[in-house]
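Fair warning: this is a prediction, and the values are worked out from it, not measured in the lab.
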Amino acid sequence: QSQFVESGGGLVQAGGSLRLSCAASGRPFSSYAIGWFRQAPGKDQEFVAAVSRSGLTTNYADSVKGRFTISRDNAKNTVYLQMRSLKPEDTAVYSCAAGPIGGTAYRTYQYWGQGTQVTVSS
């Protein structure tokens, strides 16, 4: 059984930066594509970014393109989400997810972390 744990969330002012981490244990990390999703209170879960198993392919939601960067270090079993120029509307619980295919649809992911809160104040 694979496990994924997020860290790095917190409170930041608008315009600031945070880096989230998703650390994995269990099955070889490089066998999973990894996605980040977020959910704000009262809203549906939203795709944020994804990275392929090799790390060579990434994709982003339009709302974060140019501000967020997803990357992975397979030697450290960790995926990162660097978030810059944060806005109040980025406030949400951010969760990482893993699956063999990846992509933007949450249904394609098999394993989920517990999530980490990101709060951006105006």
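For the pair Arg72 and Phe29, the cation-pi criterion (under 6.0 Å, within 45° of the ring axis) is fulfilled. Tyr94 does not carry Arg38 over the face of its six-membered ring by the limits of under 6.0 Å from the centre and within 45° of the normal.
Thr57 places no side-chain N or O within 3.5 Å of a backbone atom of Ser52 that could act as its donor or acceptor partner. The backbone N or O of Ser85 lies less than 3.5 Å from a partner atom in the side chain of Arg67, making a donor-acceptor pair. The backbone N or O of Gly102 sits less than 3.5 Å from a side-chain atom of Thr108, completing a donor-acceptor pair. Put simply, the side chain of Asn74 never gets that close to the backbone of Ser31: no donor and acceptor are under 3.5 Å apart. Between the Glu6 side chain and the Thr116 main chain, no donor and acceptor come within less than 3.5 Å of each other. Looking at Thr91, its side chain never comes within 3.5 Å of a backbone N or O of Thr119 through a donor-acceptor pair. Looking at Gln13, its side chain never comes within 3.5 Å of a backbone N or O of Val120 through a donor-acceptor pair.
Annotation: the span from Asn77 atom CG to Ser25 atom OG amounts to 8.5 Å, rounded to 0.5 Å. Between the OG atom of Ser71 and the CD atom of Gln82 there is a distance of 8.5 Å, given to the nearest 0.5 Å.
Atom CD of Gln39 has more than 12 neighbouring heavy atoms from other residues, nucleotides or ligands inside a 6.0 Å radius. Around atom OH of Tyr106, no more than 12 heavy atoms belonging to other residues, nucleotides or ligands sit under 6.0 Å away. Annotation for Gln45: atom CD counts as buried by contact number, over 12 foreign heavy atoms lying within 6.0 Å.
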(message) Could you walk me through whether Thr69 and Tyr80 satisfy the side chain to side chain contact (heavy atoms under 4.5 Å, CB included) test, starting with their C-alpha distance in whole Å, then the side-chain angles of each, then the deciding distance to 0.1 Å, before giving a yes or no?
(response) CA-CA 8 Å; Thr69 302; Tyr80 305 98; over 6 Å; no
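Between Leu20 and Met83, some side-chain heavy-atom pair lies under the 4.5 Å cut-off. The side-chain heavy atoms of Glu46 and Ser63, taken from C-beta on, include a pair separated by under 4.5 Å. For the pair Val51 and Trp36, the minimum side-chain heavy-atom distance is 4.5 Å or more. Within the 4.5 Å cutoff, the side chain of Ser30 has no heavy atoms near those of the Arg53 side chain. Considering only heavy atoms from C-beta on, Gln114 stays 4.5 Å or farther from Ser95 through its side chain.
Taking each heavy atom of Gly55 and Thr58 in turn, the nearest pair found is O-CG2, 4.5 Å. Closest non-hydrogen pair, Val48 versus Leu81, comes out as CG1-CD2, 4.2 Å. Smallest separation of non-hydrogen atoms from Tyr111 and Ser2: CD2-O, 3.9 Å. Across every non-hydrogen atom of Gly103 and Ala50, the tightest pair is O-CB, 3.8 Å.
The distance between the ring centers of Tyr60 and Phe47 does not fall below 6.0 angstrom. The ring of Tyr109 has its center closer than 6.0 angstrom to the ring center of Phe37.
A salt bridge links Asp62 with Lys65; the closest basic N to acidic carboxylate O contact falls under 4.0 Å.
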